[in-house]
Amino acid sequence: VQLQASGGGLVQAGGSLRLSCAASGRTFTGGALAWFRQAPGKEREFVATIAWNGRDLYYSDSVLGRFTISRDNTKNTVYLQMSSLLPEDTARYYCAGDPERKGVSWFNLNPAREKYPYWGRGTQVTVSS
């Protein structure tokens, strides 16, 4: 199973980027997908998650209103549209998935309650001030 993230890069503050994460080796259409990030010297943190239905979405407070997670089950792919980027959004962004996580509530999708088993290698996002 592979999760291949792409779309990272260097952008000025206030700009936008769209990350993609394509899964292969297993279908995630019936399970949850998520994005996390890790800045240098900091722990990895949750960014957003999306249920299998594509309608139940949850975000961290730090990105709510600026980032949008979505998915295309026909392509086994999850996206993260990032807008109004800030220098503090600089991090390596990782996608993760759990093909068996069927629930749609925050209780079910919360990565603190249950870890996501599949992870990609990440893509670097750097926001300059």
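The chain is numbered in sequence order, starting from 1. As the structure is a prediction and not an experimental result, all values here were calculated from the model. Every heavy atom of this structure was used, including side-chain atoms; hydrogens, water molecules and symmetry mates were not.
The hydrophobic clustering, which links ILVMFWY residues whose side-chain heavy atoms are closer than 4.5 Å, places V1 and F36 apart. Following chains of ILVMFWY side-chain contacts shorter than 4.5 Å, one cannot reach L3 starting from L109, and the two form parts of different hydrophobic clusters. Cluster membership check: Y58 does not share its hydrophobic cluster with L64, using side-chain heavy-atom separations under 4.5 Å among Ile, Leu, Val, Met, Phe, Trp and Tyr.
Summarising the geometry of R37 relative to V63, their closest heavy-atom pair is NH1-CG1, 3.9 Å, with the distance given to 0.1 Å. Scanning all heavy atoms of the two residues, the minimum distance from A5 to C95 falls at CB-SG, 4.3 Å. Smallest separation of non-hydrogen atoms from L85 and R66: CA-NH1, 3.9 Å. Residues P87 and A13 come closest through the heavy atom pair CD-CB, 4.1 Å. The two residues V104 and N108 make their nearest non-hydrogen contact at N-OD1, 4.0 Å. Scanning both residues, G8 and V125, for their nearest heavy atoms gives CA-CG2, 4.1 Å.
Ring planes of F67 and Y93: tilted class, angle from 30 to 60°. Taking the six-membered ring for Trp and thresholds of 30 and 60 degrees, W119 and Y94 have ring planes more than 60 degrees apart, a perpendicular arrangement. Between Y118 and F28, the ring planes lie perpendicular to each other; the angle is over 60°, past the 30° to 60° tilted range.
Between I50 atom CD1 and R71 atom CZ the span is 6.0 Å, to the nearest 0.5 Å. Going from atom CG of L10 over to atom OG1 of T126 covers 6.0 Å, rounded to the nearest 0.5 Å.
Note on residues 46-56: pairs passing side chain to side chain donor-acceptor pair (under 3.5 Å), not counting sequence neighbours, are T49-Y116, N53-D56.
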Contacts table for residues 14-23: side-chain donor-acceptor under 3.5 angstrom, sequence neighbours left out:
none

Quiz prompt | Intermediate values then yes/no, side-chain contact (heavy atoms from CB on, under 4.5 Å), V127 and L86 | solution = CA-CA 6 Å; V127 184; L86 304 169; 5.6 Å; no
Practice problem: Verify side-chain contact (heavy atoms from CB on, under 4.5 Å) between I69 and V78, making sure each step is shown before the conclusion. | Solution: CA-CA 7 Å; I69 189 171; V78 63; 3.9 Å; yes
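Around CD of Q4, the count of heavy atoms belonging to other residues, nucleotides or ligands within 6.0 Å does not exceed 12. Other residues, nucleotides and ligands place no more than 12 heavy atoms under 6.0 Å from the NZ atom of K75. Within a 6.0 Å sphere centred on CD of Q2, other residues, nucleotides and ligands contribute 12 heavy atoms or fewer.
Residues Y59 and V47 form no side-chain contact, since every pair of their non-hydrogen atoms from C-beta on lies 4.5 Å or further apart.
In this structure, W106 has its ring center closer than 6.0 angstrom to the ring center of F46.
A donor-acceptor pair is defined here as one N or O able to donate and one able to accept, closer than 3.5 Å; no such pair exists between the side chain of R44 and the backbone of Q38. In terms of modelled atom types and a separation under 3.5 Å, the side chain of R113 and the main chain of F107 share a donor-acceptor contact. At least one donor-acceptor pair closer than 3.5 Å links the side chain of N76 to the backbone N or O of R26. A distance-only check finds a donor-acceptor pair linking the side chain of R92 to the backbone of R121 [under 3.5 Å].
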